[in-house]
Amino acid sequence: MWLIFKDRGRFTNTEAKEALNFQLTLLMAQVALFLIVSVLAIASFGILSFLYSLSWLIWLLGVIFSIIAFAQVKDGRGYRYPFAIRMIK
């Protein structure tokens, strides 16, 4: 979205970057969870492999905060995600 709509105005550019940073943060969290749980599952001979089911929490947080952001931005107010790593400034 940011690559396509970044030239439509300052507000659109800012909010699209914010959404992209949030999605990249969620991706990093999913990869980190996968790596950590993989190591724990191997070390525990598969006993801790049930921790993979925690990935739905990351997905759920993404959905909830995206809906909140949509509601704010459609009314013309800016929204900052509470735990996004701002990689694209």
Side-chain angles (χ1 to χ4, degrees):
M1 183 172 96
W2 176 67
L3 289 175
I4 296 170
F5 295 121
K6 66 182 177 183
D7 298 327
R8 285 199 178 178
R10 185 174 177 189
F11 181 73
T12 305
N13 184 29
T14 302
E15 296 307 316
K17 281 193 284 190
E18 186 70 19
L20 178 60
N21 284 329
F22 180 65
Q23 294 300 319
L24 290 174
T25 302
L26 291 179
L27 176 66
M28 290 172 26
Q30 288 282 14
V31 169
L33 178 70
F34 175 77
L35 293 175
I36 291 169
V37 172
S38 294
V39 170
L40 290 174
I42 291 170
S44 68
F45 301 105
I47 295 172
L48 296 177
S49 62
F50 71 91
L51 294 174
Y52 282 120
S53 63
L54 292 176
S55 66
W56 72 270
L57 287 173
I58 296 171
W59 177 83
L60 185 63
L61 285 173
V63 169
I64 290 170
F65 283 116
S66 295
I67 290 171
I68 293 169
F70 167 74
Q72 295 283 322
V73 171
K74 78 173 179 70
D75 293 334
R77 296 184 303 247
Y79 183 75
R80 299 279 287 186
Y81 292 92
F83 55 88
I85 300 170
R86 288 164 183 89
M87 294 172 265
I88 300 174
K89 305 220 182 240

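Because only heavy atoms are used, hydrogens play no part in the values below, and waters and symmetry mates are left out as well, while side chains stay in.
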Worksheet item: When you look at CZ of Phe11, are more than 12 heavy atoms from neighbouring residues, nucleotides or ligands closer to it than 6.0 Å?
Response: yes
Worksheet item: Among the clusters formed by ILVMFWY side chains lying less than 4.5 Å apart, do Trp56 and Leu40 turn up in the same one?
Response: yes
Worksheet item: Do you reckon Phe50 sits in the same ILVMFWY cluster as Val37, going by side-chain contacts under 4.5 Å, direct or chained?
Response: yes
Worksheet item: Should we count OH of Tyr52 as having more than 12 external heavy atoms under 6.0 Å?
Response: yes
Response to the item:
Those residues at least two apart in sequence (or on a different chain) that pass side-chain hydrogen bond (donor to acceptor under 3.5 Å, both in side chains) with Ser66 are none
Discussion item. How long is the straight-line distance from OG1 of Thr25 back to CD1 of Ile85, given to the nearest 0.5 Å?
Written reply: 4.5 Å
Worksheet item: With the 4.5 Å side-chain cut-off for hydrophobic clustering, are Leu33 and Ile42 part of the same group?
Response: no
Worksheet item: Are Ile67 and Trp59 grouped together when hydrophobic residues (ILVMFWY) are joined by side-chain heavy atoms under 4.5 angstrom apart?
Response: yes
Fill in: Aromatic contact, Phe83 with Phe65 (centres under 6.0 Å)
yes
Discussion item. In this structure, would Phe70 and Val73 fall into the same cluster of hydrophobic residues linked by side-chain contacts under 4.5 Å?
Written reply: no
Discussion item. Quick check: do Ile68 and Tyr81 have side-chain heavy atoms less than 4.5 Å from each other?
Written reply: no
Worksheet item: When rounded to the nearest 0.5 angstrom, what is the spacing between CZ in Phe22 and CZ in Arg86?
Response: 10.5 Å
Fill in: Residue pair Glu18 / Ala84: nearest heavy atoms and the distance that separates them
OE2-CB, 4.4 Å
Worksheet entry | Any residue meeting side-chain hydrogen bond (donor to acceptor under 3.5 Å, both in side chains) with Gln23, in chain and number order, not counting sequence neighbours | none
Item to complete: Return the minimal non-hydrogen interatomic distance between Ser38 and Phe34, and the atom names on each side.
Response: OG-O, 2.7 Å
Item to complete: Start with the C-alpha distance between Leu57 and Leu61, add both sets of side-chain angles, then the distance that settles side-chain contact (heavy atoms from CB on, under 4.5 Å), and finish with yes or no.
Response: CA-CA 6 Å; Leu57 287 173; Leu61 285 173; 5.6 Å; no
